[in-house]
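Fair warning: this is a prediction, and the values are worked out from it, not measured in the lab. Each chain gets a letter, A, B and so on, in the order the sequences are listed, and its residues count up from 1.
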Number of protein chains: 2
Amino acid sequence: MNDTMSLVDPPAGSRKRDAEATRAAILEAAKAQFALLGYDCTVLRDIAREAGVDVALVKRYFGGKEALFLAALKASFGTDDVRGWDRATFPHEVATVLAGSPHIDEARTHRFQFLLRAATSPTTAPLLNVLVQDRLLGPIREWLGGAGAGARARILAATYIGFLVERLIRGAPLLGREREEYLTRVTAIFTALITEGDEPT
Amino acid sequence: MNDTMSLVDPPAGSRKRDAEATRAAILEAAKAQFALLGYDCTVLRDIAREAGVDVALVKRYFGGKEALFLAALKASFGTDDVRGWDRATFPHEVATVLAGSPHIDEARTHRFQFLLRAATSPTTAPLLNVLVQDRLLGPIREWLGGAGAGARARILAATYIGFLVERLIRGAPLLGREREEYLTRVTAIFTALITEGDEPT
DNA sequence: GACCCAAGTCAATGATCGTTGACATGGCTG
DNA sequence: CAGCCATGTCAACGATCATTGACTTGGGTC
């Protein structure tokens, strides 16, 4: 933001006294930890350590654990990259990632992972309702367009998360014939969701 | 089990000194609590209270929280009601439940709910691998039969759980046109999964 | 009826973690 | 250079919770 700040953060390792930077560092660490472990298993001290700051600063900058979580949640759902998705390649791409690509497509799965963890913690689940509607389901619905976009958006998000859970449970990566069938089926499901309904009844 | 036990449990409210019964009561309460709140948010004292016993008995009968969780997990996935599912009605039935029936179909969703909560807690996720394979994916695979049953079973379980998460997030029940579209689409997905592949490539 | 073991009760311990407020310090203003 | 405020550090508190071991009680056995 401020162009008077020192160029390339100095030696790294130790920030100079920069409120903006530490706040950002905490938020970034929080996003990662909350998405990885969920609200309840995440420890503020770990976030602080990963951000390279003292725990007490979490309170100073965010007020507390729950407020920090909310901030992280909003930050994760802030940039709506949904518009960037490509209709043509989306289904197969997603299927490939879910089938178990060597590297997880962080950028895309991250917000869904966060959502999953947030939804499955009794503490944080109540906070999601509106946010998800506005920042995720809404954009997806627009991206989909056409008849019944609302329901299709729901189903898209739901299935995506379901496959995420399945991948969490699954130990070994899918191989051979099973992988093929998996790819075909999952691709088909997402393709169907992207295309408008055939018989609007 | 034992036909010499007193008929209809006495006045209820207070069990007589019956190891079997208290053990069973603890296990039942544990199944409910763990499925509802997940491992981390579940408090042993609550389980004990709900079971009408002292907390210390949890240790006596199960050894500890983690062991109790494992027992509850196995108990939940013990009876394989999968065989009882009806191919003809299954897709629409499930879709209706997921769309938001007034009463949750406890019997059917319970084990999936348990699975979801277990999978999304970093503490318990590692315990699932084999169990899910043997007690859930296996039976479903057999129930499905045909080509690519393995992959189809995975997808079935995954989507089911995904819809469960979606229902967790969703506040108000689906209504009108959106509900219709939702029902149609979800039914279609499950129907497709039940029917064998069309082009085995 | 006395005895003994299983079943159940109770209080305390120790660890974890969020939160808090007092204190130190760096860097900019005057 | 002196002073002040924002920034950062530290130690401790208080709550929660699983775990533990000593203690009590019931009921079947000899």
Side-chain angles (χ1 to χ4, degrees), chain A residues 1-6 9-27 29-30 33-34 36-72 121-124 127, chain B residues 1-2 4-6 9-27 29-30 33-34 36-72 121-124:
Chain A
M1 297 292 186
N2 188 354
D3 57 358
T4 67
M5 68 166 57
S6 66
D9 11 53
S14 74
R15 242 182 327 280
K16 293 185 57 177
R17 297 183 141 228
D18 185 342
E20 288 286 328
T22 56
R23 193 191 144 93
I26 293 175
L27 193 63
Q33 285 290 311
F34 282 135
L36 187 65
L37 299 177
Y39 182 83
D40 310 295
C41 289
T42 292
V43 178
L44 284 194
R45 287 179 165 83
D46 286 348
I47 293 181
R49 177 152 28 82
E50 191 170 334
V53 298
D54 190 278
V55 208
L57 292 185
V58 171
K59 187 203 170 184
R60 187 192 292 288
Y61 287 113
F62 294 93
K65 188 179 185 182
E66 194 158 324
L68 174 61
F69 177 83
L70 221 60
S121 163
T123 322
T124 58
L127 307 173
Chain B
M1 297 291 184
N2 188 356
T4 66
M5 67 166 58
S6 66
D9 11 51
S14 73
R15 243 183 326 281
K16 294 185 56 176
R17 297 184 142 226
D18 185 343
E20 287 287 328
T22 58
R23 192 191 146 94
I26 293 175
L27 193 63
Q33 285 290 312
F34 282 135
L36 187 66
L37 299 177
Y39 182 83
D40 310 295
C41 290
T42 293
V43 179
L44 283 193
R45 287 179 165 84
D46 287 349
I47 293 180
R49 177 151 29 80
E50 191 169 333
V53 299
D54 190 279
V55 208
L57 291 185
V58 171
K59 185 201 172 185
R60 187 193 293 287
Y61 287 114
F62 293 93
K65 189 179 184 182
E66 194 158 325
L68 174 61
F69 177 84
L70 220 62
S121 163
T123 323
T124 56

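- When the P atom of C:dT9 is taken as reference, atom CZ of B:R45 falls 15 Å away, rounded to whole Å.
- The B:L57 side chain lies nearest to C:dT9 when the options are D:dT7, D:dT19, C:dT9.
- Across every non-hydrogen atom of A:I26 and A:I47, the tightest pair is O-CG2, 3.8 Å.
- Here D:dT19 presents its P atom at 14 Å from CG of B:D54, a figure rounded to the nearest Å.
- Where B:R60 and B:G64 each meet DNA chain D at their nearest nucleotide, the meeting point lying more 5' is that of B:G64.
- Ring pair B:F34/B:Y39 is parallel by interplanar angle, where below 30° counts as parallel and above 60° as perpendicular.
- B:R49 has its CZ atom 17 Å from the C1' atom of C:dC10, to the nearest Å.
- Distance CG (A:D46) to P (C:dG18): 9 Å, rounded to an integer number of Å.
- Residue B:A56 is classed as a base contact, given a heavy-atom separation below 4.0 Å to a base.
- In this structure, B:R17 atom CZ and C:dG8 atom P are separated by 6 Å, rounded to whole Å.
- Taking 4.0 angstrom as the limit, A:K59 places a side-chain polar atom (N or O) nearer than this to OP1 or OP2 of C:dT20.
- As rounded to whole Å, 12 Å separates atom C1' of D:dC17 from atom CD1 of B:I47.
- Closest of all the heavy-atom pairs between B:P122 and A:C41 is CD-SG, 3.9 Å.
- Straight-line distance from the CG atom of B:L44 to the C1' atom of D:dT19: 9 Å, rounded to whole Å.
- Following rounding to the nearest Å, A:D40 (CG) and C:dG18 (P) show an atom-to-atom distance of 10 Å.
- Within the structure, a side-chain polar atom (N or O) of B:T22 is placed less than 4.0 Å from OP1 or OP2 of C:dG8.
- Heavy-atom minimum distance, A:D40 versus A:K65: O-NZ, 4.0 Å.
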